[in-house]
Amino acid sequence: MNKVYALIGPPASGKTNILQELAHYAIPEMVSHTTRKPRPDEKHGVHYYFVSKDEFQKYELIERVEYSGNLYGLSKTEVLDKVKRCPVSMVATETNGLTQLKKLLANRLESIFIMVDYDTVIARMINRGDDNTLINRRIEYANRTGEFNQWNTANYVVKNTGALAVAVRQVLAIIGKVTLPDKVDLASDGVLTPSEAKSQDKSV
Ligand SMILES: Nc1nc2c(ncn2[C@@H]2O[C@H](COP(=O)(O)OP(=O)(O)O)[C@@H](O)[C@H]2O)c(=O)[nH]1
Ligand SMILES: Nc1ncnc2c1ncn2[C@@H]1O[C@H](COP(=O)(O)OP(=O)(O)O)[C@@H](O)[C@H]1O
């Protein structure tokens with residue numbers, strides 16, 4: 001059964017960064033529509049579907065939001081198309097988006113909570129240049145909608161306070177994209193004596 005994994009969690013927990021890393025492993029992400037103008041390095045259909053305000057109104061969106069005068073939203077068609085075509089696809093979403101995705105996808109949806117502490121969230125938002133008003137608004141929204149507490153209900157929890165690569169590896173493991181190398185026969189490699197190897201076998 002094709003699966004969608006939703007990354008959820010507080011702002012600046014690293015959801016976008018993790019999805020960018022997963023793209024290097026050809027793991028697709030749901031692409032939102034926006035009325036914002038593309039930046040020079042952004043591609044239509046990869047970063048967003050860039051559309052006019054009139055066009056934006058035509059889509060059936062499962063959730064939408066306005067940031068700095070621009071509209072953003074995830075279309076039902078995008079979700080259903082990706083889930084039909086891709087064995088695994090990813091989406092970063094907020095509380096409302098998660099509720100709507102659950103209604104649409106039922107047991108095809110699993111959630112991964114990206115866990116960071118409060119102080120780290122604030123430090124990262126300051127570090128990336130967000131202004132105080134935005135930080136306050138986003139934290140207030142996160143508190144009000146329980147974004148710091150979603151570890152309670154998520155299917156999986158991944159901590160992202162160490163190296164990003166560690167969190168990415170854990171997400172890869174959850175979505176079944178890490179294969180272990182073949183098990184080595186330690187006794188025949190001479191690493192363990194035959195009796196040590198035998199006792200290890202028993203303990204596994
Ligand atoms: N709820 C919701 N938020 C979105 C969607 N697409 C983008 N956003 C959020 O909109 C905000 C602005 O995005 P963007 O203009 O790309 O700026 P940047 O990510 O801050 O560089 C970010 O916080 C995104 O996470 C969407 O489909 N739904
Ligand atoms: N493991 C990490 N260590 C240090 N900084 C990180 C880590 N993960 C993410 N960040 C930084 O935190 C900020 C927010 O990350 P982002 O992926 O945009 O979060 P979100 O999508 O959850 O809002 C970015 O500036 C990013 O570089």
Side-chain angles (χ1 to χ4, degrees), residues 3-23 27 29-36 39 42 47-49 56 61-76 78-79 82 89-106 108-172 174-175:
K3 280 267 168 93
V4 178
Y5 290 88
L7 298 191
I8 55 171
S13 52
K15 301 181 290 291
T16 308
N17 273 227
I18 292 171
L19 291 189
Q20 281 164 356
E21 289 301 312
L22 293 181
I27 297 162
E29 140 182 29
M30 305 284 177
V31 178
S32 294
H33 285 73
T34 185
T35 60
R36 169 165 81 62
R39 296 174 187 145
E42 289 181 327
H47 297 93
Y48 287 104
Y49 298 109
F56 188 88
L61 303 169
I62 65 162
E63 56 94 48
R64 52 178 280 169
V65 77
E66 185 168 351
Y67 272 109
S68 315
N70 297 310
L71 300 168
Y72 299 82
L74 185 60
S75 81
K76 194 172 168 183
E78 168 71 6
V79 176
K82 283 260 160 71
S89 48
M90 310 293 300
V91 62
T93 191
E94 295 171 1
T95 313
N96 176 39
L98 184 70
T99 308
Q100 302 309 323
L101 283 167
K102 268 188 193 152
K103 282 188 198 156
L104 191 63
L105 297 171
R108 286 177 189 274
L109 182 78
E110 304 238 26
S111 54
I112 306 176
F113 179 73
I114 307 301
M115 182 180 265
V116 289
D117 54 275
Y118 207 83
D119 290 354
T120 304
V121 166
I122 308 280
R124 284 185 188 171
M125 289 177 102
I126 292 171
N127 200 29
R128 74 178 173 190
D130 291 353
D131 68 46
N132 282 349
T133 318
L134 181 70
I135 295 177
N136 284 332
R137 192 152 30 99
R138 197 58 191 86
I139 294 291
E140 190 271 322
Y141 178 82
N143 279 328
R144 184 158 40 86
T145 62
E147 280 180 357
F148 285 95
N149 298 326
Q150 285 168 317
W151 54 269
N152 251 328
T153 48
N155 295 106
Y156 303 95
V157 175
V158 166
K159 212 168 148 191
N160 183 31
T161 46
L164 180 67
V166 174
V168 170
R169 219 176 148 68
Q170 287 174 350
V171 172
L172 282 168
I174 289 167
I175 68 179

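Starting from 1, each residue takes its place in the sequence as its number.
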What are the two closest heavy atoms between V79 and M30, and how far apart are they? CA-SD, 3.7 Å
If we ignore hydrogens and angles and just use 3.5 Å, is the side chain of N160 paired with the main-chain N or O of S13 as donor and acceptor? yes
Any chance you could measure I114, atom CD1, to Q170, atom CD, to the nearest 0.5 Å? 9.0 Å
Crowding at CZ, R138 (>12 non-hydrogen neighbours, <6.0 Å): yes
Using 0.5 Å steps for rounding, measure from the OH atom of Y67 to the CZ atom of R36. 12.5 Å
Side chain proximity check, Q100 to L74, heavy atoms < 4.5 angstrom: no
Using atom types as modelled and distance alone, determine if a side-chain donor or acceptor of T35 lies under 3.5 Å from a backbone N or O of L71. yes
With side chains defined as the heavy atoms from C-beta onward, is the minimum distance between L172 and I27 less than 4.5 Å? yes
Mind checking whether K82 and V4 have side chains closer than 4.5 Å, heavy atoms only? no
Distance (rounded to the nearest 0.5 Å) between E140 CD and I135 CD1: 14.5 Å
Nearest heavy-atom contact between P10 and K15 is O-NZ, 2.8 Å
May I have the step-by-step check of side chain to side chain contact (heavy atoms under 4.5 Å, CB included) for L7 and V91, ending in yes or no? CA-CA 6 Å; L7 298 191; V91 62; over 6 Å; no
Taking every non-hydrogen atom, the tightest pair across S111 and L98: CB-CD1, 4.2 Å
Can you find a pair of side-chain heavy atoms, one from M125 and one from I122, that are under 4.5 Å apart? no
Apply side chain to side chain contact (heavy atoms under 4.5 Å, CB included) to T145 and E94, showing your working. CA-CA 9 Å; T145 62; E94 295 171 1; over 6 Å; no
Before you tell me yes or no, could you show the steps for E78 and Y49 under side-chain hydrogen bond (donor to acceptor under 3.5 Å, both in side chains), namely the whole-Å CA-CA distance, both residues' side-chain angles and the distance that decides it to 0.1 Å? CA-CA 10 Å; E78 168 71 6; Y49 298 109; 2.7 Å; yes
What pair of heavy atoms forms the shortest contact from G97 to E63, and how long is it? CA-CG, 3.7 Å
For residues K3 and L109, determine if any side-chain heavy atom of one lies less than 4.5 Å from a side-chain heavy atom of the other. no
N-O pairing of E110 and K102 below 4.0 Å: no
Pair D117-T120, side-chain hydrogen bond (donor to acceptor under 3.5 Å, both in side chains): steps then yes or no: CA-CA 5 Å; D117 54 275; T120 304; 2.8 Å; yes
Evaluate the side chain to side chain contact (heavy atoms under 4.5 Å, CB included) criterion for residues T93 and I8: first the C-alpha distance (whole Å), next the side-chain angles of each, then the deciding distance (0.1 Å), finally the verdict. CA-CA 6 Å; T93 191; I8 55 171; 4.0 Å; yes
Side chain to side chain contact (heavy atoms under 4.5 Å, CB included) test vs Q20 passes for just one of L22, N17, I18, namely N17
When the ring centroid of F56 is compared with that of H33, is the distance short of 6.0 Å? no
What is the minimum heavy-atom distance between N143 and F148, and which atoms define it? OD1-CD1, 3.6 Å
Minimum heavy-atom distance between Q150 and F113, given as atom pair plus value: CB-CD1, 3.6 Å
What's the verdict on side chain to side chain contact (heavy atoms under 4.5 Å, CB included) for I112 and N155, showing C-alpha distance, side-chain angles and the deciding distance? CA-CA 6 Å; I112 306 176; N155 295 106; over 6 Å; no
